[in-house]
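Quick caveat, the model's predicted, so the values are computed rather than measured. Below, read A as the first sequence line, B as the second, and so on, with proteins coming before strands; counting in each chain starts at 1.
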Amino acid sequence: MTVELELRGINKTYDGTPAVVNISFRIPSGKVMALLGPSGCGKTTTLKVIAGLIPPDSGSVIFDGQDVTQVPAASRNIGMVFQNLALFPNLTVEENIAFPLEARGGDRTSISSKVGEVVQLVELQGLEKRYPHQLSGGQQQRVAIARAISADAKLVLLDEPLASLDPALKGEVFTVIRNVQRELNVTTLYVTHDQTEAVLISDLLGVMFAGKLDSVGETRELYESPPTEESARFLGATNAILCEIQSVTEHEVVVSAGGTTINVTRPRWWNARHGTAKLQFRPDDSQVSDSTGSVVRGRLVSLTYGGSRLLSKVSTDLGEIQCAGNSSTQYDHLSKMIGKEVGVAVDPHRMVLF
Amino acid sequence: MEQRGQGWLVLALDYLPLVLFFGFFYAVPMLYVLASLNLTELISLLGDPYVLKLTGATILEAFLSTIPSVVLALPIAYFLSRYSFKWSKMLRNLLLTPFFVPALAVTEGMILMLGENGTVNRILEALLHSATPVVNILYSMDAVVVAHVFYYLPLAVMILEQGFSSVDQDLIDAAQVSGADWFNSFKAVYLNTLVPFLAASSLLVFAFSFISYSTPILIGGRFSTLEVEIYSTRTRSISSSLAFIQLALTLLLSVSILMLRDRLYVRGKTAERRRTSLSVSDWHGKVLLGYVLAITAVELFPVYLVLAQSVSPSGVFLLPSSFSLANFTNLFSANLGFGLKFVDILLQSLAIGVVVALSSVVVSVFLIWQGSRSESVGKVTGTVLSLPLSISRSSLALGIMLCYGFGLLTLYGSWTIIAIGQIAIIVPLTARLVEASWTRIGADVRQAAELFGASRIFAFLKVELPLIAPAVLASFLLAFSSSISEFTMANFFSTFSLVTLPVSVASLIDLRRMDLAATLNGIIIVIVIGAEVASSFLSDEALRVI
């Protein structure tokens, strides 16, 4: 039942302002793709174009090789979890879940048994007769998920499904989404601005900025080796230092930064043989160290206590670097080092070169 | 080529219901007015001293009605938006009551209050030891102005209260934290927000005073307005020329109001309402409370006089001199001016009311549903339905008479023509009520229905209609109460065998049968207020005018 989804050159403009520019990607049948990007970058517009709720100015939406761009939303058999859920407030939980089945003219017996199945899958037993306003945020979210899958949708679209939930509920609902996806093996597009959510849920990852798809690929590869500076920054690599290219081999690029030579894994797309480059890395991949393994040296400027996490700011000749560490093991020691010279150690394999 | 043709066809079908509605109720009647225009007569009328004087007097009366209504309303609106206390909601509802009472009732209350033997003169004669009436303003423009202030002050309060409530409290706090004193905070925050609301309330009071019909006809005496003159000359060709002039002027007012309304919606959105409790030590609040109580008492006085008169056949001074239901029993045997029995008039009014209410609701829901097809259709529908808000009712009545009374159809003398006229003026009100509820459904809910395979009809019956059901019921009640108290159309089309309650009231006032007029007015007030209270319970928007 599930489909392969492909977008080809989708463009959409609102009052002369481009909302989506030349978006193309493919999600193989049964896979989960996360579309990640800041608010207002065109993620929801892309989702609604796929759903058939917004017509694109140009480009095609393709299901299993068939162009469905002109097919009305009602005939695409897509399930969607809207950002604000869009539950029908006048219908009970079971009526909401049954809505897609009734709208498509199913018979009572099969609707009732399908609703029962889905209610069990999303663990809503006992709440069938309640109205949306009588449910908690997490329960409402489950109803929205249940409604999206009740009619055996070929494709499920999730628009920031966890955005309105508190941290405790996020985990609970996230597990439901993952379990449902695994159980049904349905092609899924998950839109979010949260890189942790995106990485945790997806097989494929797309990063969008200002209406454009900046990068797309398999999640792990994209996370570890983002092809653009912007994607790298959005995926957490917020530290950047300038370096000089020394030499390039098949698998490595040798650079020097602040007098230290570093062997960095060569990105597949890397061609430059000399000149200046930029090294980007995540705070979680760098540590304040006293000596060995240091990439650069600088002065420890401040410590920010964040519960189990400890953020250190080091001022170097190459700029300011943030390092993440463990509060319980490092706080006492590092608090005595504030104002003193320290080194920053980074695993070269976790550095990305641009 | 074929696709482009189909696109035009879809567009035409999208707008067809709106075009049919607008054409039937407004455009075709207006075309009949234009067709019966005598151009030479129109040109000569534009320079005619009588018409110029009439136009000038109508504008002056509307202007004089507007200024005190808005000025007196300002402190009340500020008070209601700022303070809350145990009876504040009740006080607000009491203050607004006169606007929801039929204009005829307030007008009769004016006669009972300001007449030679009215309450005001009797009090003043006693106080000043005078043997002759002290206040002598009835049957003049002054009386019309006073009646309009009574009637439209609550309207100004409603709009200005929205204005004061939409002042963002955070902005006031920010101004004060930044060191601004009260005057500078007021200038920087209040004035900026209030200006469009002041303009809207002034324009609306001006427009409604300008097209007021029952008040000048009953207590204007020799003072006349364009609206009244169109009615008085309805059997002559000059009426079409006057209607043309009046239509042009009122259309201008309607467009100005529409343009302001868009600005009000933008400003109203950012508001965060915070009301403070009225404390014993707040002398500023207590002075305002005293003012609001005094105005409320004065505002309610004409309505009280009418109700008191209906249960006191021997008259009312400050209190009813006796209490009896004789007036009500007399209604069944009395001549109400047209040789018709009270029961016949009541049944005719109720029947027309039910037909008008049902038709208005069906038309409104259909038009708004159709308007939801696309943003552009919705926008055009909203604009078209708002235009007739302050359009000249006499001119519209004249057009309907020429077109459906004696022209395209020959319905004159049938209740159907009253219903057509009333639907034309009531649908813009009910449609706004339905639209307000409709827009609250949210685009996502509608998109969800579409995405999950629902046809438009399925989504309408399963989701949209149940969600707007309270507003639909509220608009039925609003339409019913508006029809029961509607006077212009009913008066235009009434015949000896076709009379509604308000027409009968006007006839009784003409005959100086104030006791029976008050009793009929009392019945209308009970029906109208009952329906409007129920309507406001069902929909928050029921009391919104703009």
Using a cut-off of 6.0 Å, state whether more than 12 heavy atoms not belonging to A:Gln134 lie near its atom CD. yes
Locate the shortest heavy-atom distance separating B:Glu450 from A:Ala73; write the atom from each residue and the value. OE2-CB, 3.9 Å
What residues form a salt bridge (charged side-chain N to carboxylate O under 4.0 Å, His left out) with A:Glu94, not counting sequence neighbours? A:Lys129
Proximity breakdown for B:Ala449 and chain A, heavy-atom pairs closer than 4.5 Å: both
Minimum heavy-atom distance A:Arg147-B:Phe452, with the two atoms named: NE-CE1, 3.2 Å
Region of A:Glu95 that comes under 4.5 Å of a non-hydrogen atom in chain B: neither
Checking an interface table here. Which of residues 455-463 of chain B come within a heavy-atom distance under 4.5 Å of chain A? B:Phe458, B:Lys462, B:Val463
When rounded to the nearest 0.5 angstrom, what is the spacing between CZ in B:Arg446 and CG in A:Leu53? 12.5 Å
More than 12 heavy atoms of other residues, nucleotides or ligands under 6.0 Å from CD of B:Glu375: yes or no? no
Result for side chain to side chain contact (heavy atoms under 4.5 Å, CB included) between B:Asp444 and one of A:Asn84, A:Leu87, A:Leu85 points to A:Asn84
Minimum heavy-atom separation for A:Met80 and B:Leu451, please, with both atom names. CB-CD2, 3.0 Å
Hey, which of A:Gly52, A:Pro89, A:Pro72, A:Ser75 has the most heavy atom pairs under 4.5 Å with chain B? A:Pro89
